[in-house]
Amino acid sequence: MDAELGTALVTGASSGIGAAYAARLAADGWDTVLVARRAQRLEDLADRLREETGTKVETLVADLSDQEDLTRVARRAGGPDVGFLLNNAGINGYGPFAGLDPALMTKVLTLNVLAVTALTRAAVPAMLDRGRGTVVNVASQLAFAGSLPPHPLPERAVYAGTKGYVVTFTRTLAAELAGTPLRVQVLCPGLTATEFHRSRGEEPVPGREPSVHDDGGMPVGRVVDASLTALEQGRVVCVPGLSDPAPVADLTRAELGIRTGGAGHGGAHRHD
């Protein structure tokens, strides 16, 4: 981790990967800003982190699909003390596309795409001014599952599309910032032992105590371990549980082949 720590802003911090990541960062000495919709969950976590680590902990109760809340959190993300941004908040909106409620669809797109982009945009300039910083955007292995049938996978057209955006956005941003001191990563966990599948996202999972969906999955601690290890190794794409990085390298080569193969027909630069 960085020799001089500042503040880490973590979205979706009330449970799951966000809560576990925030706890790990606080244990490493980071002050934290915890962002989520559930105030009591945030306060419980904040009290625990203050007691266990002695670090400063702020809580921001916010629904990042709400423009006013997003603006407020973006203002904090752009603060000169923020040296680590974890864009973890997200909802799934699973279900048949033809029957998907338009309001839920908009919420998925706003939270999974717009909020990630806006908070990254807010944080990166201040990090560049400071000369250091880390951005981790949480996507999903489902970003790579577009052509696979929905069973046993969920019906996920919008969710997978948003996570595909997060992968492409983060990889492209990492390439743009390659000559700077900033570290940029897209974290692509598979099924993880959280409460993510207990709600489609219209409302947060009720209750004060965190829970785990019946599907189980990888422990959140292993997901955080994988992310932090990948950051130290300078890997932009982190797929927890993937021991051989060859598939990621193969993906890059396939993309290059598509781009160079289409260049002779004018497809590399024009879309009209």
Side-chain angles (χ1 to χ4, degrees), residues 1-2 4-14 17-19 21-22 24-26 28 30-39 42 45-46 55-91 106-140 162-188 201 227-228 231 236 238:
M1 300 302 295
D2 302 76
E4 296 179 6
L5 303 181
T7 300
L9 189 146
V10 178
T11 70
S14 59
I17 294 172
Y21 217 126
R24 186 70 60 84
L25 292 173
D28 286 340
W30 289 87
D31 294 332
T32 50
V33 179
L34 310 178
V35 181
R37 292 180 286 180
R38 293 172 288 189
L42 288 184
L45 177 59
T55 57
K56 297 178 182 178
V57 185
E58 301 173 42
T59 59
L60 285 178
V61 179
D63 180 347
L64 295 177
S65 68
D66 177 84
Q67 185 58 55
E68 290 186 4
D69 282 4
L70 177 57
T71 298
R72 179 164 51 91
V73 176
R75 189 178 303 115
R76 185 66 185 91
D81 61 321
V82 174
F84 198 116
L85 172 65
L86 176 68
N87 276 312
N88 169 70
I91 57 175
T106 300
K107 195 177 186 75
V108 174
L109 291 166
T110 303
L111 183 58
N112 293 9
V113 173
L114 178 60
V116 170
T117 309
L119 295 183
T120 303
R121 173 61 181 82
V124 164
M127 290 178 177
L128 289 171
D129 288 343
R130 191 182 184 192
R132 54 194 293 276
T134 300
V135 176
V136 175
N137 294 328
V138 179
S140 168
T162 64
K163 294 306 183 179
Y165 169 84
V166 174
V167 171
T168 300
F169 165 66
T170 308
R171 292 174 64 210
T172 307
L173 178 63
E176 180 178 329
L177 297 174
T180 74
L182 271 60
R183 303 182 302 180
V184 181
Q185 178 192 103
V186 59
L187 175 60
C188 304
S227 175
L228 294 175
L231 283 173
V236 173
C238 174

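Start at 1 with the first residue, then count along the sequence. Heavy atoms only: backbone and side chains are in, while hydrogens, waters and symmetry mates are out.
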inquiry  = Looking at Ile91, is its backbone amide N or carbonyl O close enough to the side chain of Asn112 to form a donor-acceptor pair, meaning the two atoms are under 3.5 Å apart?
reply    = yes

request  = Quick one: closest heavy-atom pair of Ala26 and Thr55, and the distance?
outcome  = O-CG2, 3.6 Å

ask   = Roughly how far apart are Asp69 CG and Leu64 CG, rounded to 0.5 Å?
value = 7.0 Å

key: Any side-chain heavy-atom pair of Arg76 and Thr7 under 4.5 Å   = yes

task = Indicate whether the side chain of Thr71 and that of Gln67 have a donor and an acceptor atom separated by less than 3.5 Å.
result = yes

ask   = Are any of the side-chain heavy atoms of Val113 and Phe169 separated by less than 4.5 Å?
value = no

request  = Grab the two heavy atoms, one from Glu68 and one from Asp66, that are nearest each other, plus how far apart they are.
outcome  = N-OD2, 3.1 Å

key: Distance-minimising heavy-atom pair for Arg130 and Gly6   = NH2-CA, 3.8 Å

query = Are the side chains of Cys188 and Val167 in touch, meaning some heavy atoms are under 4.5 Å apart?
reply = yes

query = Which pair of heavy atoms, one from Ala118 and one from Leu70, lies closest together, and at what distance?
reply = CB-CD2, 4.2 Å

request  = Kindly compute the distance separating CG (Leu119) from CG (Leu86), expressed to the nearest 0.5 Å.
outcome  = 11.0 Å

task = Kindly compute the distance separating CG (Asp31) from CG (Leu9), expressed to the nearest 0.5 Å.
result = 12.0 Å

ask   = What are the two closest non-hydrogen atoms of Val61 and Ala39, and how far apart are they?
value = CG2-CB, 3.6 Å

note = dist Asp81:CG -> Lys56:NZ (nearest 0.5 Å) comes out at 9.0 Å

key: Check: Thr162 and Leu109 side chains under 4.5 Å, non-hydrogen atoms   = yes

query = What distance do Met127 atom CE and Thr134 atom OG1 have between them, rounded to the nearest 0.5 Å?
reply = 6.5 Å

message = As a quick check of understanding, evaluate side chain to side chain contact (heavy atoms under 4.5 Å, CB included) for Glu176 and Val184, giving each step before the final call.
response = CA-CA 10 Å; Glu176 180 178 329; Val184 181; over 6 Å; no

remark   = Smallest heavy-atom separation, Val57 atom then Ala46 atom, equals CG1-CB, 3.6 Å

inquiry  = What's the separation between atom CG in Leu25 and atom OG1 in Thr32, rounded to the nearest 0.5 Å?
reply    = 8.0 Å

query = Taking C-beta and beyond as the side chain, do Asp28 and Phe84 meet within less than 4.5 Å on heavy atoms?
reply = no

inquiry  = Side chains of Tyr21 and Val136, heavy atoms from C-beta outward: is any pair under 4.5 Å?
reply    = yes

